[in-house]
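Numbering of ligands and ligand atoms starts at 1, following listing order. Side chains included, hydrogens not; waters and symmetry mates left out as well; all remaining heavy atoms used.
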Amino acid sequence: MSNWLSRPDDVDALVARWRAEHPDLLTVESRRQYTGRDVWALTVTGPGVGESRSGVLCFKPHAHEPAPIAAQMNVLCQLLTGRTLAGDPTSLPRDQWLAEAVICFLPDANPTGTAAAPVEAWDGSQYTNEEFWTWMRGVDPDTGLMWKRVDLWDDTREENLPLRCGIVYEQVSEHEYVEPNRHHRSTLMGWLRELRARRHWDRMLDLHQTEFVGSTHNAMVILPTLYNDQPEPLRVIEQRWAEALIAAWNDVPGARPIPEFAPLGYTGQERQYFVNTFGDIYADTAILTSEVQNNSLLTPPPVQQQLCEAAIVATLTDVLSARARVAPDSGAVL
Ligand SMILES: [Zn+2]
């Protein structure tokens, strides 16, 4: 068995097995998509009271970006079993993480979309980027190219319906579809609201992939759209965490991360989508986006997965080292 596992049916089967075998470490919860598939929230922590532990929330919004699924499932496997999905002993500081952190994974926020993809991993050998993008957003009936990007669309109101529905969209009613991280009615945003109501998350890692067209790089970290409006303590955390993430990538064979990082550079309507969905999160939570190359011969799927895993590991390492720096009686948690 390899370390890669991302098909929704395979994820569901493994979740069912872990739920039966590791009830002491794993809490399994679902919000169900309109189309019937489970969007899992998989929370792992050691025995005992978790409220004082550091909270880390990892999530993956986009169905055409499967490496973050494989990465989260492999990290989770190591935390639960002490071994990778391939059966190798873990190198993670498992006992420390289980004792000091509550880690919640949303490995796949749109499994219906993931299940509709024509491949398990996008390795760049079967689809050009133009073809890949038509799988992502659908086929425009006029041009044959990628359909448009919107937060919500209604198939009774569109004049130019896509010839094939893009897998990035999540159907939320008989006629309506949303992009998971751009509209509050997605299952993803429902989960984030619910999880934020339960506890404070010290780090939120938003895992993505993109094509890096015309670039020699294959990984980058992005600060929040509203970074410049965030409270100073959050910006300090995000700066240090972003540097740690890039340093971790530099240790991965095949990694070519962009050494600099900046706030997400969207403007206009695209920026407004993020203000609408993530504005309250930016106000009180340290959150970074990681992007790893997708659909390119230059970054084979095992490297895509390792880069995503390195981002998760660097996040845990960062939050727990910050915890260790806090004086025991100060009450302040960075
Ligand atoms: Zn994405």
State plainly whether one hydrophobic cluster holds both Phe212 and Trp122, where clusters connect Ile, Leu, Val, Met, Phe, Trp and Tyr through side-chain heavy atoms under 4.5 angstrom apart.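 No, Phe212 and Trp122 fall in different hydrophobic clusters.
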Report yes or no: do Gln239 and Tyr227 form a side-chain donor-acceptor pair below 3.5 Å? yes
Counting backbone and side chain alike, does His64 bring an N/O/S atom below 2.8 Å of the Zn ion (ligand 1)?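 Checking His64: none of its N, O or S atoms is under 2.8 Å.
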Counting backbone and side-chain atoms alike, does Glu65 have an N/O/S atom under 2.8 Å from the Zn ion (ligand 1)? yes
Quick check against the 3.5 Å criterion: does Arg94 have a side-chain atom that pairs as donor or acceptor with the backbone of Leu80? yes
Among the N/O/S atoms of His208, select the one at the shortest distance from the Zn ion (ligand 1) and name it.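 Going through the N, O and S atoms of His208 one by one, ND1 ends up nearest to the Zn ion (ligand 1).
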Do you know which N/O/S atom name in His62 is closest to the Zn ion (ligand 1)?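 The nearest such atom is ND1.
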CZ of Arg17: more than 12 outside heavy atoms within 6.0 angstrom?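 Counting neighbours around CZ of Arg17, 12 or fewer heavy atoms of other residues, nucleotides or ligands fall under 6.0 Å, so no.
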